[in-house]
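Side chains included, hydrogens not; waters and symmetry mates left out as well; all remaining heavy atoms used. A quick note: this is a predicted structure, and the numbers were derived from the prediction, not measured. Throughout, protein chains are lettered first and strands after them, A, B, ... in sequence-line order, and every chain is numbered starting at 1.
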Protein chains: 2
Amino acid sequence: MKEGKPATIKEIAKRLKISPSTVSRALNDHPSIGLVTTMRVKKVAAELNYEPNQTAIFFKQRKTFTVGVVLPSLSEPFFSAAISEIENVASEKNYTVIMGQSLDDADREMRILQTLKTHRVDGVLMSIGKNTQNYPFIELMESAGIPIVFFDCVPDIENIHKVYCDLETGMLEAIDRFVSCGHHAISLINGPARLLASMEREKAYRKGLSKHSIPFKEEYMVNTDLTPEGNEAAILQLLALSDRPSAVVSFNDYVAMDVMKAVRKRGVALNQDIHFISYANYPLWKYIENPPMASIEQFPGDQGRKAAELLFQLIETTEGREPTKITFHSRLVNPG
Amino acid sequence: MKEGKPATIKEIAKRLKISPSTVSRALNDHPSIGLVTTMRVKKVAAELNYEPNQTAIFFKQRKTFTVGVVLPSLSEPFFSAAISEIENVASEKNYTVIMGQSLDDADREMRILQTLKTHRVDGVLMSIGKNTQNYPFIELMESAGIPIVFFDCVPDIENIHKVYCDLETGMLEAIDRFVSCGHHAISLINGPARLLASMEREKAYRKGLSKHSIPFKEEYMVNTDLTPEGNEAAILQLLALSDRPSAVVSFNDYVAMDVMKAVRKRGVALNQDIHFISYANYPLWKYIENPPMASIEQFPGDQGRKAAELLFQLIETTEGREPTKITFHSRLVNPG
DNA sequence: CTGTTAGCGCCTTCAC
DNA sequence: GTGAAGGCGCTAACAG
């Protein structure tokens, strides 16, 4: 039952008393091999349960048919959706996926990339962590000739391939919606100020307000460090205001959940006294008793798919390509 | 910046006018190489930016330092927790992780295993899908000499390595809890009857009841196909009973969420008219307004870690080992 | 301590 | 159409 060694080309050559090269060609349907020999070879191959030794092929072809995926966390539904699509694209192309979670740790991120490099992956897809400030890995991968495509959480520099979601459109739609429901006291609970993602939200928020001629009020924009405590602190800051906002856009759904929990605890009525819209649109909203008024969808699956497709293009064209930038537009949707 | 070819051992040998084997040994800190030569070699290696070609090493050593992980879905928090721990163990051991989602599709499962085999992974960790009835892949992997360890959702056969969570203890604790709160009309919303997981729950449920001398009532045990519709239908069946149960154990948290939603919709008061306990203990409960009374923890992370550790043992011992069975015991905990 | 030789399994010129 | 030979990069006998 247990075959010590899998069959090799040589053995089937020996059996047929022909040369290994002929066998190799036959197995690869090389045109110059006679149909009969090809058949005979394949028959014996099947009998011997022959399977090509991929490691040998990888070695020879200088290609591993493997791509690496690096992202902050697998447990976030957002990234799950992305990696799922990535895997679909990869398996269509007969590539396998090696993955690593950075857990928002820049060192760990770098280590993962190193590993991927020594494993000679053919390409890398990456969404950087919140704490990643500089990007040594870009040069690392480039010097190794390994293409890398960033998605969703992308470095704020040019000359790289990236796929991401423009946060502005969703924010504008959110504010439109709030305004059309009669809200004018609209807050933003933003993430850490240094994050690109936060800066974009703020910019869009200001733009949305001014579009409706609502003046920007300092005290309506608060920041959270994205911890549960920070999230709670942020909403308390808003609730304490004499002119408490009636509508809030929050950084993402996790923030929204903490915030809504805190609101509930204080006896403020959700979707009555105060209304929420947040980014991400996590699937679990449909189970919640009082879900937010709306969500801003960021299309993780589509981003993942596009990024993967782009990566495979880069892998297939040996030439160094122009940096490509693909943008999705966030959109307001019903939660869940 | 971009080096066409990475440096090889040969080149650094040539530079130093020594033999490649010496270089190889030096780089691997072989004891028989003089300290000076070792130093010189390493110095030149660093200068040339040498990095060993893993594909060559894999090829030569007949080992890829890669393990495959196959599970139904990455997006379930349960499996995320497991794979996260698996990855931790793997990276401690300097292994990388290739993963595939079966999406509960038996064919896809088989295809993933095939791919893992051709990629010559050193071992496989697997949690089988709900629809997997027979296990051709066991023989497949065995004939290739690739050890496989199952975890959580494991085949119902002997002679395999498995790590799983005994569901009984948690069920007994749940029923104890219900009874001590004065409940005697205790229902079970179970999964598809053919699932091993369902059979175990039923058995434990019956045992728990009889422990408290509560007679088993047919109409108190209903099944769901685990779809949202099925879940709703199941609870409606219970609610329609003249002697409606006041306490329900449900198959898992997804079922519980659907069920609780349905209950809410009909104006039955959660945690008052009717109480729930379910398996899994998903982290999101802490955000829910009326969470279940308790959850049954199945320790996905611990299962993943143990399974991985076992797999690495198997990989390291060339000998075919006795089938190992490691059991965790589910436990009642506060949700979230 | 170091060098020589050989070979992992496959593919690919180059000959015939 | 087929065979022989060589080599990918590295390691591991076997010699010195």
Asker: Does B:E316 pair with B:K63 as a salt bridge, N-O distance under 4.0 Å?
Answerer: no
Asker: May I have the distance from A:D29 (atom CG) to C:dC10 (atom P), rounded to whole angstrom?
Answerer: 16 Å
Asker: Could you tell me if A:T115 and A:T118 have a donor-acceptor pair between their side chains, going purely by distance under 3.5 Å?
Answerer: no
Asker: Looking only at side-chain N and O atoms, does A:N53 come under 4.0 Å of OP1 or OP2 in C:dC8?
Answerer: no
Asker: Name the residue from B:R305, B:K306, B:Q303 that meets the side-chain hydrogen bond (donor to acceptor under 3.5 Å, both in side chains) definition with B:E85.
Answerer: B:R305
Asker: Check every strand shown and say whether A:P52 touches a base, only sugar-phosphate, or nothing at a heavy-atom separation below 4.0 Å.
Answerer: sugar-phosphate
Asker: Run through B:D122, B:V149, B:V69, B:V163 and flag the one making a side chain to side chain contact (heavy atoms under 4.5 Å, CB included) with B:L311.
Answerer: B:V149
Asker: Answer yes or no: does a side-chain N or O of B:Q61 lie under 4.0 Å from OP1 or OP2 of D:dA12?
Answerer: yes
Asker: Output the rounded distance in Å from CG (B:L27) to P (D:dA12).
Answerer: 13 Å
Asker: Given atom CD1 of A:I18 and atom P of C:dC10, what is their separation to the nearest angstrom?
Answerer: 14 Å
Asker: Taking the side chain from B:S127 and the backbone from B:C153, do they hold a donor-acceptor pair closer than 3.5 Å?
Answerer: yes
Asker: I need the NE2-C1' distance between B:H30 and C:dC1, as an integer number of Å.
Answerer: 10 Å
Asker: Can you say whether the rings of B:F65 and B:F58 are parallel (under 30°), tilted (30 to 60°) or perpendicular (over 60°)?
Answerer: tilted
Asker: Measure from CZ on A:R25 to P on D:dG1 and round the result to the nearest Å.
Answerer: 12 Å
Asker: Looking at B:K117, I want to see if its NZ is surrounded by more than 12 non-hydrogen atoms of other residues, nucleotides or ligands under 6.0 Å.
Answerer: yes
Asker: Within the structure, does a side-chain N or O atom of A:T8 lie under 4.0 Å from either OP1 or OP2 of C:dG9?
Answerer: no
Asker: Does D:dC8 have OP1 or OP2 under 4.0 Å away from a side-chain N or O of B:K60?
Answerer: no
Asker: Is the phosphate of C:dC8 approached by A:K10 (side-chain N or O, under 4.0 Å from OP1 or OP2)?
Answerer: yes
Asker: Measure the distance from CZ on A:F58 to P on C:dC10 and round it to the nearest whole Å.
Answerer: 13 Å
Asker: Between B:T66 and B:T64 (side chain of the first, backbone of the second, donor and acceptor by atom type, cut-off under 3.5 Å), is there such a pair?
Answerer: yes
Asker: Can you tell whether the side chains of B:E47 and B:K43 come within less than 4.0 Å, N to carboxylate O?
Answerer: yes
Asker: Using a distance-only criterion (donor-acceptor N/O pair, under 3.5 Å, no hydrogens), is the base of C:dG9 paired with the side chain of B:R62?
Answerer: no
Asker: Need the bend value for the helix from C:dC1-D:dG16 to C:dC16-D:dG1: angle between end axes, 5 pairs each end, nearest 10°.
Answerer: 40°
Asker: Verify the contact: side-chain N or O of B:S24 to OP1 or OP2 of D:dT11, cut-off strictly under 4.0 Å; return yes or no.
Answerer: yes
Asker: Using whole Å, what does the distance between atom C1' of nucleotide C:dC8 and atom CD of A:E11 come to?
Answerer: 13 Å
Asker: Can you see if the side chain of A:T22 gets near the phosphate of D:dG3 - specifically, an N or O under 4.0 Å from OP1 or OP2?
Answerer: yes
Asker: Which ones in residues 31-42 of chain B lie close to DNA chain C, meaning a heavy atom under 4.0 Å from one of its atoms?
Answerer: B:S32, B:I33, B:G34, B:T37
Asker: If I take atom NZ in residue A:K17 and atom C1' in nucleotide D:dG3, what distance separates them, rounded to the nearest angstrom?
Answerer: 16 Å
Asker: Using a cut-off of 6.0 Å, state whether more than 12 heavy atoms not belonging to B:R15 lie near its atom CZ.
Answerer: no
Asker: Under 5.5 Å between ring centres and under 30° between planes: true for B:F59 and the base of D:dC10?
Answerer: no
